[in-house]
Amino acid sequence: MFRTTASPDPTEFAGRRAVVTGGSRGIGAAIVQRLLDGGATVVTSARTRTDVTPEGATFIAGDVSTLAGVRTLAAAALDVLGGVDLVVNNAGAARAHLGGADAIPDEEWIDALDLNYLSVVRLTNALLPALRESGEGAAVVNVSSVAALTPPPALIHYGAAKAALISYGKALASELAPVGIRVSTVTPGNVLTPGADAIRQDFADALGVSLAETTGAIPLGRPGDPRDIAEAVAFLASDRAQWITGTNLIVDGGEHPST
Ligand SMILES: NC(=O)c1ccc[n+]([C@@H]2O[C@H](COP(=O)([O-])OP(=O)(O)OC[C@H]3O[C@@H](n4cnc5c(N)ncnc54)[C@H](OP(=O)(O)O)[C@@H]3O)[C@@H](O)[C@H]2O)c1
């Protein structure tokens with residue numbers, strides 16, 4: 001069970017203008033709410049709004065898996081916000097393919113890269129002039145996945161796209177450090193969300209186990225809550241992390257087996 005920590009400082013992000021992708025539900029909705037609770041002005045986006053999309057944010061419907069969709073979103077967000085200080089690239093999705101790497105159709109590889117990797121490159125590029133204008137204190141946080149580090153075979157295409165994202169974040173951090181723009185990655189493990197629950201159900205069905213068993217081996221004793229990831233994102237986006245850039249923060253309850 002997620003234990004609610006102290007209330008966020010309601011002024012921490014005061015005056016900060018944030019764009020968060022995939023904020024209609026799941027981890028993205030928790031990130032949007034956490035930034036709003038810290039006083040940020042937030043624009044968020046997804047293809048469809050849901051009843052858990054935070055009310056306090058401006059919602060722009062759109063598809064970030066195409067260059068045109070990303071450009072439309074960037075222009076609309078800048079229109080609403082008049083600039084941008086924080087970008088959280090969270091939208092993403094995995095689709096499991098059993099049967100081996102060569103059973104995954106080419107279009108599926110391209111879709112995985114478009115949504116989970118190129119969407120981030122494209123949106124960050126589109127917002128970079130505004131981030132440069134914002135200057136010192138601006139931050140980009142990208143949401144990867146432990147599938148980048150310990151890729152399940154059925155998610156080889158998704159894992160590769162998320163691994164590219166970690167590499168991209170590291171390189172971009174070095175490039176932007178001289179102008180004071182920080183770039184970080186948050187890498188979640190198993191977090192309970194609508195999208196991830198659907199994938200885990202596929203794995204559970206294929207393995208003949210229950211859905212709960214797919215998250216039964218997490219050292220800290222429970223799967224993640226979207227707020228666990230939102231806290232990590234908020235920290236890295238904030239001035240509390242002003243001397244951190246290029247980092248990849250794994251938030252997985254201890255599940256990822258590495259030092
Ligand atoms: N939950 C986990 O266990 C877990 C673990 C590791 C990494 N992650 C990563 O965490 C991020 C959030 O995942 P989640 O678990 O919260 O998933 P989710 O519940 O499926 O939410 C995904 C969000 O992204 C949006 N999205 C998906 N495709 C999109 C598209 N083409 N254009 C615009 N928006 C799109 C969705 O809205 P629409 O579908 O309406 O567009 C939704 O708002 C993803 O990058 C995921 O890869 C999650």
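Excluded from the calculations below are hydrogen atoms, water molecules and symmetry mates; all remaining heavy atoms, backbone and side chain alike, are included. Both ligands and their constituent atoms are indexed starting at 1 by order of listing.
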> Is it true that Arg200 and Asp197 make a salt bridge, defined as a side-chain N closer than 4.0 Å to a carboxylate O?
Replying inline: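 Salt bridge between Arg200 and Asp197, a charged N being under 4.0 Å from a carboxylate O: yes.
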> Can you name the side-chain hydrogen bond (donor to acceptor under 3.5 Å, both in side chains) partners of Ser210, sequence neighbours left out?
Replying inline: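 Ser210 satisfies side-chain hydrogen bond (donor to acceptor under 3.5 Å, both in side chains) with Glu213 once adjacent residues are dropped.
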> Quick one: salt bridge (charged side-chain N to carboxylate O under 4.0 Å, His left out) partners of Asp114, sequence neighbours excluded?
Replying inline: Arg122
>> Just to verify, what does Arg240 make a salt bridge (charged side-chain N to carboxylate O under 4.0 Å, His left out) with, not counting sequence neighbours?
In response: Glu12
>> Any heavy-atom pair between the side chains of Lys162 and Pro151 that's under 4.5 Å?
In response: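 No, every pair of side-chain atoms sits at 4.5 Å or beyond.
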> Shortest non-hydrogen contact from Pro188 to Ile229?
Replying inline: CB-CD1, 3.6 Å
>> I'd like the residue list for ligand 1, meaning every protein residue with a non-hydrogen atom under 4.0 Å from the ligand.
In response: Gly22, Gly23, Ser24, Arg25, Gly26, Ile27, Ala46, Arg47, Thr48, Gly62, Asp63, Val64, Ser65, Asn90, Ala91, Gly92, Leu115, Val143, Ser144, Ser145, Tyr158, Lys162, Pro188, Gly189, Asn190, Val191, Thr193, Pro194, Gly195, Ala196, Arg200
